[in-house]
Amino acid sequence: MTTEPRDNLDFIRQEVEKDNASGRYGGRVHTRFPPEPNGYLHVGHAKAICLSFGVAAEYGGLCNLRFDDTNPTKEEQEYVDAIQDDVRWLGFDWGDRLFFASDFFQRLYDDAVRLVQKGVAYVDSQSPEEIRTNRGSLYVPGRDSPYRNRPVAENLELLERMRAGDFDEGACCLRARIDMAHPNMNMRDPIMYRIRKARHHRTGDTWCIYPMYDWAHGQCDSYEGITHSLCTLEFENHRPLYDWFIEQLGIHAPRQIEFARLQLTYTVLSKRKLLELVQDGTVDGWDDPRMPTLRGMRRRGYTPAAIRAFCDHIGIAKFDAIHDVALLEHFLREDLNRTSPRRMVVTDPVELVLTDWPAGKVDELDAVNNPEDPGAGTRKVPFTGRLFVERDDFRENAPRKWHRLAIGQEVRLRYGYYVTVREVEKDADGRIVQLRATHDPASRGGDSPDGRKVRGTIHWVSAEHAVDGELRLYDRLFAVEHPTRGVEGDGWKAHLAPDSLVVRRGAKLEPSLRDAEPGARFQFERVGYFVADLRDHGPGQPVFDRTVALKDSWARLEAKLADA
RNA sequence: UUCGGUAUGGUGUAAUUGGUAGCACGACAGAUUCUGGUUCUGUUAGUCCUGGUUCAAGUCCAGGUACCGAAACCA
């Protein structure tokens, strides 16, 4: 991806450059992205992916994809496939370097045997409860296990029998022999192997003991020849343990550097909370367009380039920061503005009839596909005397600075004609059912030969040519910036935005939209960026999801005028 | 009360390692515009606190304060 040198290096890149300068790894840079296949990736992971793959690319190195699949009871093939798909979609490639912690199970076991032989690991036969209580607390040191001084030969035999399946789950485990009084809890004889008589998604039934993450992770990095293991802050106090294992084993020592995980306003990013939203039906699934998952964002119409630009821009630090989604949306709009073809869609239609339009006449007008990209060309849009315009683009009592339709106010129909509303027809309830207007034939195409100016331009669709479609107007999932701040338990759910999805079934689409492919992105002029829904859009059944609205400075002005 | 971390405008992020606190987003104001979009210009506002060293401190020293993480046979 981005391989240009940067002006300001974040602290991780600075450290990498120091290592390159000192020759610590012979100038080699090799990173990895190590997800656990027990859930879907979200934007937070995108930050880690961009970092690890980005750093490797910038320094001529490599980045591996490795699944940390050390817990067979939680991990599934489905997630393995989805994660690979998401990483690729984001734009990264691990070549032939796809690994699984489970690839290393035998090697890990052999190394465990070496530590037992060295006298720095032992089989503990305490119950899980005893182990927990004897670990002590943050403030009080732990107590040695009565099995801590078993002879090497006995430990070796017991470990072999653990592997052979002679013991029940929880009957015993293998522990590193470090220091039960260590101020860092991770060093209080951490568990290396536990018995789990569970089928593993890759190794099947060949193992009944599985390595703990802490025992596997550092060595897997080492086995793969990783130089820089970039991970999030919560593993900072695990680093001494990883270093200890590596040193005891005398194998290649990667360098772990920790950074703050991504947090965003107006959403939640914990696996547990996201799962809850899926399970209680708040959202439609992991790929619901409101979800901060990569799949959700993909369906919402986010571009990989926008997500990457965001990740590049926010930088890397150890400060526990919460980024404003507005910044993500900024990069999204920036990318979409450059690349999206424009179309006209009336989201909430009201009929506009031109009383002076020649009966039966259809005028094929030229519309620019993308003003930001002259190469995108133009298209023909049919114009007739019966149109649909946005209900909200007409006001009977126009406020100050109103540039749109109002009785007697001339406006331009984009790429069409200047029109002036003359009268309004309402139904019995007082709801407007039709606007009647006249047009200036000389203004065809949108300009008047006499140089006369109009104050506003609005979008429209010819009634007889319009395609009916469904619009799903998505917005931020939560109504407040920090949904989890200062709340307990399920309190964060009270902050869910009631209108994060508004469905508009009667939208009128420009005819060319009929043939849009699922996943195709557009800017609906003056409304927002939309994408043809990946699941539900199809021939004869147009469904578009709103990716993000256009900035609306009129809405702000109007609100201010209302206050005054 | 233990150990490990972190503090720079509203939100993030830089500062050649002791030398004019910069950039982005946001907000606000204006210009341009056949999208009240885009683009352009300007304004706004910051070094956690208290001392100390120094000609000079965001940066060095001392002492505070606040916040985050850590006590799964999870990762």
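Bear in mind that the values here come from a model prediction, so they are computed numbers and not experimental data. Chain letters run A, B, ... following the sequence lines, proteins first, then strands; residues in each count from 1.
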Base contacts versus sugar-phosphate-only contacts with protein, heavy atoms under 4.0 Å: please encode nucleotides 41-46 of chain B as B, S and - from 5' to 3'. ------
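- Applying the ring pair (Phe, Tyr, Trp, His ring centres under 6.0 Å) definition to pairs two or more places apart or across chains, those involving residues 312-342 of chain A are A/His313-A/Phe331.
- For A/Thr457, no side-chain nitrogen or oxygen approaches OP1 or OP2 of B/U33 to under 4.0 Å.
- For B/C67, neither phosphate oxygen OP1 nor OP2 lies less than 4.0 angstrom from any side-chain nitrogen or oxygen of A/Gln263.
- For the OP1/OP2 pair of B/C28 and a distance below 4.0 Å, the side-chain nitrogens and oxygens of A/Arg556 include at least one atom meeting the criterion.
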5' to 3', nucleotides 70-75 of chain B under a 4.0 Å protein heavy-atom cut-off (B base, S sugar-phosphate only, - none) gives BBSBSB
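- Pairs of Watson-Crick or G-U wobble type, with distances under 3.5 Å, assemble into runs of 3 or more in RNA chain B at these ranges: B:2-7 with B:65-70, B:10-13 with B:22-25, B:27-31 with B:39-43, B:48-52 with B:60-64.
- Using a 4.0 Å heavy-atom criterion, one finds that A/Gln523 contacts the bases of the nucleic acid, with or without backbone contacts as well.
- By the salt bridge (charged side-chain N to carboxylate O under 4.0 Å, His left out) test, A/Asp69 is found to be paired with no residue, residues two or more places apart in sequence or in another chain being considered.
- Within the 4.0 angstrom heavy-atom criterion, only backbone atoms of the sugar-phosphate kind lie near A/Glu236; the bases stay farther away.
- On a pure distance criterion of 3.5 Å, a polar donor-acceptor pair joins the side chain of A/Arg404 and the base of B/G36.
- Here, B/U8 and B/A15 have their C1' atoms 10 Å apart, quoted to the whole Å.
- Taking the ring pair (Phe, Tyr, Trp, His ring centres under 6.0 Å) definition, one finds that A/Trp492 meets it with nothing, sequence neighbours left out.
- Residue contacts shown for A/Trp215 are absent, as no nucleic acid heavy atom lies under 4.0 Å away.
- Side chains of A/Lys380 and A/Pro382 form no contact here, defined as non-hydrogen atoms less than 4.5 Å apart.
- As a whole-Å value, the separation of A/Tyr415 OH from B/G37 C1' is 11 Å.
- Distance CZ/A/Phe100 to CZ/A/Phe105: 11.0 Å, rounded to 0.5 Å.
- Considering only residues two or more places apart in sequence or on other chains, A/Asp348 meets the salt bridge (charged side-chain N to carboxylate O under 4.0 Å, His left out) condition with none of them.
- Residue A/His459 places no side-chain N or O under 4.0 Å from the OP1 or OP2 atom of B/U35.
- The ring pair (Phe, Tyr, Trp, His ring centres under 6.0 Å) search around A/Tyr529 returns none, not counting sequence neighbours.
- In this structure, the ring pair (Phe, Tyr, Trp, His ring centres under 6.0 Å) partners of A/Tyr223, at least two apart in sequence or on a different chain, are A/Phe104.
- Taking the salt bridge (charged side-chain N to carboxylate O under 4.0 Å, His left out) definition, one finds that A/Arg199 meets it with A/Asp205, sequence neighbours left out.
- The gap from the P atom of B/U44 to that of B/C23 amounts to 13 Å, rounded to the nearest Å.
- Ranked by how close their nearest RNA chain B nucleotide is to the 5' end, A/Asn370 and A/His313 are led by A/His313.
- For the salt bridge (charged side-chain N to carboxylate O under 4.0 Å, His left out) test, no residue two or more places apart in sequence or in another chain qualifies with A/Asp243.
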For residues 546-553 of chain A, tabulate all N or O donor-acceptor pairs below 3.5 Å that involve a side-chain atom, not counting sequence neighbours.
{"from": "A/Arg546", "atom 1": "NE", "to": "A/Tyr474", "atom 2": "O", "distance (Å)": "3.4"}
{"from": "A/Arg546", "atom 1": "NH2", "to": "A/Tyr474", "atom 2": "O", "distance (Å)": "3.2"}
{"from": "A/Thr547", "atom 1": "OG1", "to": "A/Arg300", "atom 2": "O", "distance (Å)": "2.7"}
{"from": "A/Asp552", "atom 1": "OD1", "to": "A/Trp554", "atom 2": "N", "distance (Å)": "3.3"}
{"from": "A/Asp552", "atom 1": "OD1", "to": "A/Ala555", "atom 2": "N", "distance (Å)": "3.1"}

Would you sort out whether A/Glu58 and A/Leu9 count as a side-chain contact (heavy atoms from CB on, under 4.5 Å), showing the intermediate values? CA-CA 12 Å; A/Glu58 285 156 40; A/Leu9 296 178; 5.8 Å; no
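- Residue ring and nucleobase are stacked for A/His403 and B/G36, with a centre distance beneath 5.5 angstrom and an angle between planes beneath 30°.
- For B/A29, the OP1/OP2 oxygens have a side-chain nitrogen or oxygen of A/Lys560 closer than 4.0 Å.
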